[in-house]
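Take a look at the structure set out below.
Computed from a prediction, not measured in an experiment: that's the story for all the values here. Residue numbering restarts at 1 for every chain, and letters A, B, ... go by the order of the sequence lines.
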2 protein chains.
Amino acid sequence: MERTSFAEMRCSLARGLDMIGDWWSPLIIRDLFLNVTRFDELIEDLGISRNLLTRRLKSLVECGVIDREIYQRRPVRYEYRLTESGRDLVPVILALTAWGDRWARPKEGSPILFVHKTCGHQFQPQVSCSACGQAISADAVKPIAGPGGAAKPGTRLVARRLQGAS
Amino acid sequence: MERTSFAEMRCSLARGLDMIGDWWSPLIIRDLFLNVTRFDELIEDLGISRNLLTRRLKSLVECGVIDREIYQRRPVRYEYRLTESGRDLVPVILALTAWGDRWARPKEGSPILFVHKTCGHQFQPQVSCSACGQAISADAVKPIAGPGGAAKPGTRLVARRLQGAS
DNA sequence: CTATACAGTTCAATCATTGAACTAAAGGGA
DNA sequence: TCCCTTTAGTTCAATGATTGAACTGTATAG
C-alpha cells in the first residue's frame, strides 16, 4: 500500500508531480531561488521538520532538480542549488504564486513582488502562448491527442476521448 | 501532529499549495478541464482510491476551486465543474505540464498537445512578463519585498532578506 | 575545556493514503 | 416481483508519510 507513483503514468503533468508534487518541494525550490540554500536556513524559513527536509532534498537531488555542493571544507558544509531543470521550474512556481496572490492573498497584501530585469518593470507572471505570445485562458485552449497518448492509469479515459474527438 | 497547514502562511505560494498542493488535486483539475467531470469517470481515469477522491473533491469545493452541480434528477447525480478560480488555475497547470514534458517526457512522446484557439497554432505554454510580454527565466527575475511581507513561518528568513536587500 | 554552529539521524506518536468491501437510490428487463 | 446495472459515494483495516523532540558528529572560537 505504497503511495501511488505517478512516475510511470503516460502523462507529463503526473510525471512532473511525481518529481515536485508534494507539499514542501515547491517551497524548497522557491527558497533556493531566493538564495535560502542551506539546511538550517531552510529549517528556519519554512518550519519544516528536519528529517522530512532531509528526505525531500534527497529526492529532489535524485530527480535532478537540485544539486548538493560543498561551500566550505573544515568542517564540510553543503548547500543546495537549482539545476537547469530546477531553474526552468521557477517560472512555473512564480505563475502558481501569482495565482495564489489572485485568489488567496493575505489581507496584508502580497509578501513578495517581482521585477523583470530585462524590461525593468514590476510584473505578474502569466502563462502565454509560445506561438502568438498572448496570455492564455482555459477557454482558449483546445487539447489534442499527442503521439504518446495511451489508455493507461492517469489518462485512461482522457486518451480515448482525445483520440475519438480530434 | 497534524500536517502543517500552509493556509496561514504569509506567502501566496504556500497559500496556493494549501488549496491544490497535494498529489492528486492538479490531476483532478486537469481532468475537469478535459471534461472528465463525474465521480466514476475520475476513478477510472486516474486510478485514485474512492474515499480519497471524495475527500479531495470536498476540499476543492470548500476552497472554491470547483463546484458540484446536479446534472440529473431521479436519481440525483452530481458532476464537478471548475469555478472561475479553477479555470484561472488551468494555465498554471498547463505550464507545469509543459515542464514535465521538457524534463520527464515519456519516451513515446507527449500524450497531450495544446492548440491555442485564438491564433490557431499548436503551442507550448510558457510563463511570461505581464509588462513586456517576453518569456521569463529564473535569472531575469528580481524578487522584491511586497507590502504584506512578514517574518512568519513560510517566509521567516526570506522576508528579512528582501527588506534588507531592496 | 566549554560553547556554539551546522548538517544531519533516530525515534515514537499521529495522520494520510490505499484497496477492498459495502451502502443507497433509481431504472430496466425477465 | 425479483434481479441486475449504473452512479456516487461510505466504512474499514493495513500500511506509509509527517511531525516534533531529542540526539549525533565535526569543527571553530574563546
Between [X] ([atom1]) and [N] ([atom2]), how many Å, whole number?
| X | N | atom1 | atom2 | answer |
| --- | --- | --- | --- | --- |
| Leu53(A) | dT9(C) | CG | P | 10 Å |
| Gln72(A) | dA7(C) | CD | P | 8 Å |
| Ile48(A) | dT9(C) | CD1 | P | 14 Å |
| Arg3(A) | dG19(C) | CZ | P | 13 Å |
| Ile28(B) | dT17(C) | CD1 | P | 11 Å |
| Tyr78(A) | dA7(C) | OH | P | 11 Å |
| Leu57(A) | dC6(C) | CG | P | 16 Å |
| Arg55(B) | dA16(C) | CZ | C1' | 6 Å |

OP1, OP2 of [N] versus side-chain N and O of [X]: anything below 4.0 Å?
| X | N | answer |
| --- | --- | --- |
| Tyr80(B) | dT7(D) | no |
| Arg74(A) | dT28(D) | yes |
| Thr54(B) | dT10(D) | yes |
| Trp24(B) | dT18(C) | yes |

What's the closest nucleotide to the side chain of [X] if the choices are [options]?
| X | options | answer |
| --- | --- | --- |
| Tyr71(B) | dT17(C), dA8(D), dA7(C) | dA8(D) |
| Asn51(A) | dT18(D), dC11(C), dT7(D) | dC11(C) |
| Phe39(B) | dG9(D), dT19(D), dT18(D) | dG9(D) |
| Arg56(A) | dT18(D), dT9(C), dT18(C) | dT18(D) |
| Arg50(B) | dT18(D), dA22(D), dA21(C) | dA21(C) |
| Ser49(B) | dT18(C), dG20(D), dT18(D) | dT18(C) |

Report task. Would you please test Thr37(B) and Glu79(B) for side chain to side chain donor-acceptor pair (under 3.5 Å) and show each step? Result -> CA-CA 5 Å; Thr37(B) 58; Glu79(B) 69 183 349; 3.0 Å; yes

Requested in this report: Show the numbers, then the answer: is there a side chain to side chain donor-acceptor pair (under 3.5 Å) between Asp139(A) and Ser137(A)?
Outcome: CA-CA 5 Å; Asp139(A) 303 333; Ser137(A) 65; 4.8 Å; no

Query raised in the report: Shortest non-hydrogen contact from Ser110(A) to Asp101(A)?
Result: OG-OD2, 2.6 Å

Requested in this report: Could you tell me whether Lys117(B) atom NZ has more than 12 heavy atoms of other residues or ligands within 6.0 Å of it?
Outcome: yes

Heteroatom pairs (N/O) under 3.5 angstrom, protein to nucleotides 4-6 of chain D:
unit_1	atom_1	unit_2	atom_2	d
dT6(D)	O2	Arg77(B)	NH2	3.3

Report summary line: Assert: residue with more 5' nearest nucleotide on DNA chain C, out of Thr4(A) and Val76(B), is Thr4(A)

Query raised in the report: How far does CZ of Arg30(A) sit from CG of Leu46(A), to the nearest 0.5 angstrom?
Result: 6.5 Å

Report task. Verify salt bridge (Lys or Arg N to Asp or Glu O under 4.0 Å) between Arg38(B) and Asp31(B), making sure each step is shown before the conclusion. Result -> CA-CA 10 Å; Arg38(B) 301 182 185 176; Asp31(B) 268 19; over 6 Å; no

Query - Side chain proximity check, Leu162(B) to Thr155(B), heavy atoms < 4.5 angstrom - result: no

Query raised in the report: So do Leu34(A) and Leu157(B) actually touch side chain to side chain, heavy atoms under 4.5 Å?
Result: no

Report summary line: Assert: residue with more 5' nearest nucleotide on DNA chain D, out of Trp23(B) and Arg73(A), is Trp23(B)

